[in-house]
Each structure stands twice: as structure tokens, then as C-alpha cells.
J.: 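Sharing a structure below in C-alpha cells format, with a few things to ask.
Whatever order the structure lists them in is the order used to number ligands and atoms, beginning at 1. When a residue number appears, it is its place in the shown sequence, counting from 1. Note that the structure is a prediction, hence the values are computed from the model and not measured.
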Amino acid sequence: MQRAEAARSALLTSHPDAHVDLLHLDVGSAQSVLAAAQEVKARYNRIDFLYLNAGIMPNPQLNVKAFFKGLFSRNVINMFATAEGLLTQQDLLNSDGLQEVFATNLFGHFLLIRELEPLLCEADHASRIVWTSSSNARRSAFSMEDIQHRNGTEPYSSSKYASDMLSLALNRDKNSQGLFSSVICPGLVMTNLTYGILPSFFWTIIMPIMWLIRIFTNTFTLTPYNGAEALHWLFLQKPESLDPRAKYHSLTSGLGTNYTQPHPMDIDEGMSEDLYSELLDLEKVVRKTLSERNADKEANGQRE
Ligand SMILES: NC(=O)C1=CN([C@@H]2O[C@H](COP(=O)(O)OP(=O)(O)OC[C@H]3O[C@@H](n4cnc5c(N)ncnc54)[C@H](OP(=O)(O)O)[C@@H]3O)[C@@H](O)[C@H]2O)C=CC1
Ligand SMILES: CC(C)CCC[C@@H](C)[C@H]1CC[C@H]2C3=C(CC[C@]12C)[C@@]1(C)CCC(=O)[C@@H](C)[C@@H]1CC3
């Protein structure tokens, strides 16, 4: 909570009239999500915006050969924008027995939304969900037979594609109840996530090259401030005016101007509805396992 306290102090310095509450939440743990949601429900009776930004890319491996091959191909701009074919990750199981990337990037957020539905779905008031997805989301990385991506090497791409589909399903099912969901991509931003791919000193050395590439792709937003452009832009829009099938990209021009641009997502209604029901089924299993585990703990506690 130390970093959260520091962020809170910084916010209060720039906006002294603001009211900033903190809450601990590990989206990678079902128990933590349920406890945090209980706390939110106790503290508030309405949610205007829910930004689902938490995400991980553990143990990333860069395919150097594919990078140099891509560099001299006609696909070079797309390669820099999406990293298609460049990255794989090694995923682990979490304490709930779920794949960690799936649990953190998708399922934890899903469970949170489900728990907070009473505060999000009020017919007389519009609530907004915004997912931080990625241009790395790719249909071919996702399989409906393996939604957790247990058997592949691109869990990040798969989880982000799943979040795009889930957003579409939420819009179809919940717009009539006042809940609207959108998806953004912040572009390539220098954060702990990218420092896990290549060390920060390397990124600093090649920064002039990155500014040069930005002229051709505009997706190299590079700073968190630039990357947050689409989040801010969405905040200013009327939810009914947004396209549920679009991903809103933060972009930065070669001259450093920030703007937001929608791009159609490669998703279909049937698949997104199937994913939604798969997630509902998994939710039942996870809740059952948790309550059994908690009952066991209680029984053991009473015996001691
Ligand atoms: N950087 C980039 O180029 C891009 C990033 N993104 C997405 O942007 C989002 C933010 O990533 P970014 O800032 O780059 O990476 P960082 O690794 O710097 O930040 C990740 C954020 O997610 C939080 N987080 C991670 N795991 C959990 C968890 N189990 N429970 C709660 N919070 C968690 C972290 O919280 P804490 O600090 O407390 O650990 C941190 O705030 C991610 O969804 C990422 O996929 C998308 C496209 C490009
Ligand atoms: C620019 C340099 C000379 C070489 C850098 C090569 C790669 C390390 C990067 C090229 C495209 C980048 C990229 C991402 C990570 C780093 C690269 C592969 C992301 C996958 C980071 C996370 C995301 O969600 C995507 C939007 C990024 C897409 C581009």
C-alpha cells in the first residue's frame, strides 16, 4: 500500500479538493477480489467509472530472429504496432488453480464486475467500465477450448483478446441496465511491463530510435501520460455514442501530439457470448472451491 499512499499524496497535492480512498485488491486471487468487492459495497452505493487496468506479462521472451526478419519485411510497421510473432511468455498456476495471466488480466476483473453488478447496473444511472487491452490481442492466440491458454505460449495475447470479447458481451447484456463497457490500447509505454522485456537502460539508449519509429506508427506513445490519452478521451464521451466493437487507441504523432482513434476489433458476437457463459461456469466452480476451502479452514480452526 506504500506506493498507493504516495500516489494518493501526489493526487491530493495537485487536486486538494479531491477525495481519494484506497483499497487493497489482488485481481489474481478470487478471495481478494471478493473481499475487496464486499468493502466497496460497504463504502459506496454507486460506481460511475471502473477502470480495469491491472495486467501482467510474466517471463516474456523476445524472438530476436523473428524481429530481424520482420524488420526487413513489408510487415514491419504492423510488427512494431502489435508485436505479432515477437513475444511468448511462460505462465504458472495461481493459488486458485487458474493460469496466472488469465486470472489477473481477465478472470479477476470479471469476478469483480459480477460482484459489483448491484452498483454498476442501475437503470437510471449510466456506469462505465474501461478495459486496458492491447494491440497485441490476437484471435489466433485465443481458443474457446482453452480459454485459460494452458497449452499455448501467448497467454498475454490470448487474455487481451478475451477481454475485447468480454467487453462486447457485457455491452450486449448490460447496456439496457445502464452499464457500458469500452476497450482501449495505450500503445507501447515505458513501464515495469516493458522493462521486463528489455532492461530499462536499453530502452533509454534506443529512445531516439523509438522517437523515429513513432513517426511511422504513432503507436509508440512511450510515456504513461501519452498512453492514458484514450482513457481520458473516453471519460469525456457519452457512453451511447461509443462503438462497442471498437478498440480506442492512444496515439502520439511524430511531433508529440496525442490523439485517440477507434479501430474495429476482430471479434464476433457468437464467440463473445460463448466466452461469457464459459466464464459464468468457471465462476461457479471457483466460488464453490473457495467456500469449501473456507469451510475446511473454519473446521480446522475450531478443532485447534
Ligand atoms: N506498457 C505497455 O506498453 C502496454 C501495457 N498495456 C496494459 O496496460 C496495463 C498496465 O500495465 P503497465 O502499466 O504497462 O505495466 P506495469 O507492470 O507497470 O503495471 C501493472 C499494473 O497492474 C497492477 N497489477 C498487476 N498485477 C496485479 C494484481 N494481481 N492485482 C492488482 N493489481 C495488479 C500493478 O499494481 P502494483 O503496482 O500494485 O503491482 C500495476 O499497477 C496492463 O493491463 C497492460 O497489459 C497494454 C498495452 C501496452
Ligand atoms: C524499437 C526497438 C529498436 C526494438 C524493440 C523490439 C521489441 C522489444 C518491441 C517492438 C514492438 C514492441 C511492443 C511491445 C513490447 C516490446 C516490443 C515487442 C508490446 C507487446 C508491449 C505490450 C503491449 O500490450 C503491446 C501493445 C506492445 C506492442 C509493441
J.: Going by the order shown, which atoms of ligand 1 are within less than 4.0 Å of some heavy atom of Lys160?
T.: 42 (C), 43 (O), 44 (C), 45 (O)

J.: Leu87 heavy atoms, cut-off 4.0 Å: which ligand 2 atoms fall inside?
T.: 20 (C)

J.: Among all the protein's non-hydrogen atoms, which is closest to atom 6 (N) of ligand 1, and how far away is it?
T.: Tyr156 OH, 3.6 Å

J.: For atom 19 (O) of ligand 1, what is the nearest protein heavy atom, given as residue, atom name and distance?
T.: Gly55 O, 4.8 Å

J.: When you measure from the heavy atoms of Pro186 to every atom of ligand 2, does any distance fall below 4.0 Å?
T.: no

J.: Which atoms of ligand 2 have any heavy atom of Ser135 under 4.0 Å away?
T.: 26 (C)

J.: Have a look at Val33 and tell me which of Leu111, Leu116, Asp96, Val286 forms a side-chain contact (heavy atoms from CB on, under 4.5 Å) with it.
T.: Leu111

J.: Taking 4.0 angstrom as the limit and counting only heavy atoms of Ala83, give me the atoms of ligand 2 inside it, by number and element.
T.: 13 (C), 18 (C), 20 (C), 28 (C), 29 (C)

J.: Of the protein's non-hydrogen atoms, which lies at the shortest distance from atom 4 (C) of ligand 2, and what is that distance?
T.: Phe67 CZ, 3.7 Å

J.: How about Thr132 and Asn53: does a side-chain donor come under 3.5 Å of a side-chain acceptor?
T.: yes

J.: Which atoms of ligand 2 sit under 4.0 Å from any heavy atom of Ala81?
T.: 28 (C)

J.: Any idea which atoms of ligand 2 are less than 4.0 Å away from a heavy-atom of Ile197?
T.: 15 (C)

J.: In the protein, which heavy atom is nearest to atom 8 (O) of ligand 1, and how far is it?
T.: Thr132 CG2, 3.2 Å

J.: Starting from atom 29 (N) of ligand 1, which protein heavy atom do you reach first, and at what distance in Å?
T.: Asp26 OD1, 2.7 Å

J.: Would you mind checking which non-hydrogen protein atom is closest to atom 4 (C) of ligand 1, with the distance to 0.1 Å?
T.: Gly187 O, 3.8 Å

J.: Do the rings of Phe102 and Phe107 sit parallel, tilted or perpendicular, given the 30° and 60° boundaries?
T.: parallel

J.: Looking only at protein heavy atoms, identify the closest one to atom 11 (O) of ligand 1 and say how far it is in Å.
T.: Leu193 CD1, 4.3 Å

J.: Between Glu122 and Arg46, does any side-chain N to carboxylate O distance fall below 4.0 Å?
T.: no

J.: Taking atom types as modelled, is there a side-chain donor on Asn218 or Ser253 under 3.5 Å from an acceptor on the other?
T.: no

J.: Which atoms of ligand 2 sit under 4.0 Å from any heavy atom of Ile206?
T.: 2 (C), 3 (C)

J.: Among protein heavy atoms, which sits nearest to atom 8 (C) of ligand 2, and what does the distance come to when rounded to 0.1 Å?
T.: Leu198 CD1, 3.6 Å

J.: Does either side chain, that of Ser159 or that of Asn105, offer a donor lying less than 3.5 Å from an acceptor on the other one?
T.: yes

J.: Any idea which protein heavy atom is nearest atom 33 (C) of ligand 1, and the distance to it?
T.: Ala54 CB, 3.5 Å

J.: Is the closest heavy-atom distance from Met57 to ligand 1 below 4.0 Å?
T.: no

J.: So, regarding Thr104 and ligand 1 (criterion: nitrogen or oxygen to nitrogen or oxygen, under 3.5 Å), is there a contact or not?
T.: no

J.: Using a strict cut-off of 4.0 Å, indicate which atoms of ligand 1 neighbour a heavy atom of Leu188.
T.: 3 (O)

J.: Please write down residue, atom name and distance for the protein heavy atom closest to atom 7 (C) of ligand 2.
T.: Leu62 CD1, 4.1 Å

J.: If the threshold is 4.0 Å, N to carboxylate O, is there a salt bridge linking Glu154 and Lys160?
T.: no

J.: Side chains of His232 and Asn258: is there a donor and an acceptor less than 3.5 Å apart?
T.: no

J.: So if I count the atoms of ligand 2 from 1 in the order they appear, which ones are less than 4.0 Å from some heavy atom of Ser134?
T.: 23 (C), 24 (O), 25 (C), 26 (C)

J.: Below 3.5 angstrom, do we get any N/O pair linking Val27 and ligand 1?
T.: yes

J.: Should Val189 be counted as touching ligand 1, given the test is an N or O pair under 3.5 Å?
T.: yes

J.: If we count only non-hydrogen protein atoms and require a distance under 4.0 Å, does atom 35 (O) of ligand 1 qualify as touching the protein?
T.: no

J.: In terms of ring plane angle, is the pair His263 and His249 parallel, tilted or perpendicular, where the classes change at 30° and 60°?
T.: perpendicular

J.: Distance to 0.1 Å, residue and atom name: give those for the protein heavy atom nearest to atom 38 (O) of ligand 1.
T.: Arg3 NH2, 3.7 Å

J.: Just by distance, no angles: are the side chains of His19 and Asp21 close enough, under 3.5 Å, to form a donor-acceptor pair?
T.: yes

J.: State if Ser133 counts as touching ligand 1 under the rule of any non-hydrogen atom under 4.0 Å.
T.: yes

J.: State whether any protein heavy atom lies less than 4.0 Å from atom 40 (C) of ligand 1.
T.: no

J.: With heavy-atom distances below 4.0 Å as the criterion, list the atoms of ligand 2 near Met210.
T.: 1 (C)

J.: Looking only at side chains, do Asn171 and Ser181 share a donor and an acceptor under 3.5 Å apart?
T.: no

J.: Kindly give the heavy-atom pair with the smallest separation between Tyr156 and Asn136, and that separation in Å.
T.: CD2-OD1, 3.3 Å

J.: Looking only at protein heavy atoms, identify the closest one to atom 16 (C) of ligand 2 and say how far it is in Å.
T.: Trp203 CH2, 3.9 Å

